[in-house]
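Following: one structure in structure tokens, then a few remarks.
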Amino acid sequence: MRIGVVAPARPVTRESSARMAAFMALTYPEHEVVFHPQCYLSAGHFAGTDAERAAAFLEVANDPTIDAIWFARGGYGSNRILDAVMPHLGDAARRKTYMGFSDIGFVLGALYARGIGHPVHASMASSIGKNDAGVDTGWALGWLIERDRRGLDPTLADGRPAAAFNLAILTSLIGSKYLPDLTDHVLMIEEVDEPLYRIDRMLFNVAHAEQLKGIAGIRLGAVTAIAENDPPFGETVDEMIVRWCKEMGVPYLGRCAIGHISTNHVVPFGVA
């Protein structure tokens, strides 16, 4: 298998790609991870201009010699290229698996909405050596290459279709043409680096979104690096998710093991 890596949002360093290549050589030496040169570009906050990032994505997605796309890094920016890439994904792109999380939820959601490929919420190609000592990367590669189920979030054992998003990305997708139909899906959410009042505000948006009517329930992943609230917010994340699920009229199904953590499990969109 040849796995192509592109960076629709922020750039990666050559050091991080070298770590990934070394890990790949140790674990799956018969397979190949190919970092597109665009991954190392810089244009302000982004891994190249919008046009450069879109062109690299289309080049790799439409390349029939590339079997899957593993996104390099999140941050912010993948939403800015959706209009430029989605109408131009061809037959080769429709057969690929696309894997990432956080800001990459924009791309995963847009692909799932159009029935293009197989979107997967999982750790990214630059994760190893940061939050991940190798476990998450091994899970992600195991699913990409072998459809190894050991890295799947344990809650997927119930067999119901699921989709996983960073909460801020999900709320940005609500009201847009890029939010997929999640009827009968278990919606799994995670968040990082937000104060509790913003999390509460985003959950209001989820609870009252007409596009999310009909979901089967909500699971809460990791909510990490919570920014300080002054004065203290007075309610935990677990308490607020129960309250908003009740207002939405959907069951709160408990916790799942996804997010910006060292055990970010794999969640394929749909039925695993």
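From a predicted model like this one, the values you see are computed outputs, not experimental measurements.
In summary, the side chains of Y40 and S17 do present a donor paired with an acceptor at a separation below 3.5 Å, with no hydrogens or angles considered. Of the N and O atoms on the side chains of D136 and S127, not one donor lies less than 3.5 Å from an acceptor on the other residue. Side chains of T97 and R147: a donor-acceptor N/O pair is present below 3.5 angstrom, by distance only.
Within the 4.5 Å cutoff, the side chain of V266 has heavy atoms near those of the V120 side chain. When side chains are defined from C-beta on, P268 counts as touching L152, because their heavy atoms get closer than 4.5 Å. At a threshold of 4.5 Å between non-hydrogen side-chain atoms, the residues D200 and L196 do not count as touching. Side chains of V206 and T171 form a contact here, defined as non-hydrogen atoms less than 4.5 Å apart. Proximity of Y178 to N79: side-chain heavy atoms (C-beta onward) are nowhere separated by under 4.5 Å. Using a 4.5 Å cut-off on side-chain heavy atoms (C-beta onward), M20 and L141 make contact. Side-chain atoms of W139 and H265, non-hydrogen and from C-beta on, do get closer than 4.5 Å to each other. Considering only heavy atoms from C-beta on, M124 stays 4.5 Å or farther from M99 through its side chain.
Smallest separation of non-hydrogen atoms from W70 and S123: NE1-O, 2.8 Å. Summarising the geometry of A209 relative to I174, their closest heavy-atom pair is CB-CG2, 3.6 Å, with the distance given to 0.1 Å. When all heavy atoms of R53 and G77 are compared, the closest pair comes out as NH2-O, 3.0 Å. For V267 against A162, the heavy-atom pair with the smallest separation is CG1-CB, 4.3 Å. Residues P87 and A84 come closest through the heavy atom pair CD-C, 4.3 Å. In this structure, S126 and A72 approach most closely via the heavy-atom pair OG-O, 2.6 Å.
The cluster map of Ile, Leu, Val, Met, Phe, Trp and Tyr, joined by side-chain heavy atoms under 4.5 Å apart, puts V192 and I258 in different clusters. Cluster annotation: I169 and F71 are assigned to the same hydrophobic cluster (Ile/Leu/Val/Met/Phe/Trp/Tyr, side-chain heavy-atom contacts under 4.5 Å, transitive). Taking hydrophobic clusters as Ile, Leu, Val, Met, Phe, Trp and Tyr residues chained together by side-chain heavy-atom distances below 4.5 Å, V60 does not share a cluster with V12. In this structure, I261 is not a member of the same hydrophobic cluster as I199, with clusters built from ILVMFWY side-chain heavy atoms closer than 4.5 Å. A chain of hydrophobic side-chain contacts below 4.5 Å, direct or via other Ile, Leu, Val, Met, Phe, Trp or Tyr residues, connects F165 to I116.
Here E194 contributes atom CD and R201 contributes atom CZ; the two are 8.5 Å apart, rounded to the nearest 0.5 Å. Atom CD of E239 is separated from atom CD1 of I241 by 12.5 Å, given to the nearest 0.5 angstrom. The line from OH of Y28 to CG of L144 is 9.5 Å long, rounded to the nearest 0.5 Å. For the atom pair D153 CG and C256 SG, the distance stands at 5.0 Å (nearest 0.5 Å). The distance from atom CE of M248 to atom CZ of R243, rounded to the nearest 0.5 Å, is 14.5 Å. For the atom pair E191 CD and L220 CG, the distance stands at 10.5 Å (nearest 0.5 Å).
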For a side chain to side chain contact (heavy atoms under 4.5 Å, CB included) check, start with the C-alpha distance between I3 and V34, then their side-chain angles and the critical distance, and finish with the verdict. CA-CA 6 Å; I3 302 168; V34 181; over 6 Å; no

Take E15 and R19 through the salt bridge (Lys or Arg N to Asp or Glu O under 4.0 Å) test and state the conclusion after the steps. CA-CA 6 Å; E15 180 184 7; R19 283 197 300 267; 3.5 Å; yes

Full working for salt bridge (Lys or Arg N to Asp or Glu O under 4.0 Å) between K177 and D83: CA-CA 10 Å; K177 62 186 177 183; D83 277 357; 3.5 Å; yes

Please assess L156 against M188 for the test side chain to side chain contact (heavy atoms under 4.5 Å, CB included), listing each intermediate value before the final yes or no. CA-CA 11 Å; L156 298 178; M188 305 164 78; 4.3 Å; yes

If you apply the rule side chain to side chain contact (heavy atoms under 4.5 Å, CB included), what do you find for V107 with M86, and how did you get there? CA-CA 9 Å; V107 181; M86 288 298 154; 4.3 Å; yes

Carefully, step by step, assess E190 and V223 under the rule side chain to side chain contact (heavy atoms under 4.5 Å, CB included). CA-CA 6 Å; E190 57 86 18; V223 180; 6.0 Å; no

Pair Y98, F269 - check ring pair (Phe, Tyr, Trp, His ring centres under 6.0 Å), show working. CA-CA 10 Å; Y98 298 81; F269 280 44; over 10 Å; no

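Salt bridge D193/R198: absent, no basic N to carboxylate O contact under 4.0 Å. Looking at R255 and D238, a side-chain N of the basic residue comes within less than 4.0 Å of a carboxylate O on the acidic one, giving a salt bridge.
Side chain of R73 to main chain of P8: no donor-acceptor pair is present (N/O by atom type, distance under 3.5 Å, no hydrogens or angles). Distance alone, capped at 3.5 Å, places no donor-acceptor pair between the N62 side chain and the L89 backbone. Side-chain atoms of Q38 come within 3.5 Å of backbone N or O of A47 as a donor-acceptor pair. Side-chain atoms of Q211 never come within 3.5 Å of backbone atoms of D181 as a donor-acceptor pair (strictly under, hydrogens ignored). Counting only distance, with no hydrogens or angles, the side chain of D148 and the backbone of W143 share no donor-acceptor pair below 3.5 Å. Not a single donor-acceptor pair under 3.5 Å links the side chain of N229 to the backbone N or O of P232. Counting only distance, with no hydrogens or angles, the side chain of H185 and the backbone of L187 share no donor-acceptor pair below 3.5 Å. Side-chain N or O atoms of K96 include one that pairs as donor or acceptor with a backbone N or O of A61 at under 3.5 Å. No side-chain donor-acceptor contact under 3.5 Å links S102 to the backbone of I104. Between the S78 side chain and the A9 main chain, no donor and acceptor come within less than 3.5 Å of each other.
Below 30°, between 30° and 60°, or above 60°: for F101 and H260 the angle between ring planes is between 30° and 60°, a tilted geometry.
Qualifying ring-ring contact (aromatic ring centres under 6.0 Å, His included) partners for F204, counting only residues two or more places apart in sequence or in other chains: H208, W244.
Open room surrounds CG on D91; 12 or fewer heavy atoms of other groups in view lie less than 6.0 Å from it. Residue K246 qualifies as open at atom NZ: its count of foreign heavy atoms under 6.0 Å is 12 or below. Atom CZ of R2 has more than 12 heavy atoms from other residues, nucleotides or ligands within 6.0 Å.
Taking Ile, Leu, Val, Met, Phe, Trp and Tyr as hydrophobic and joining them when side-chain heavy atoms fall under 4.5 Å apart, one finds F46 in a cluster with Y76.
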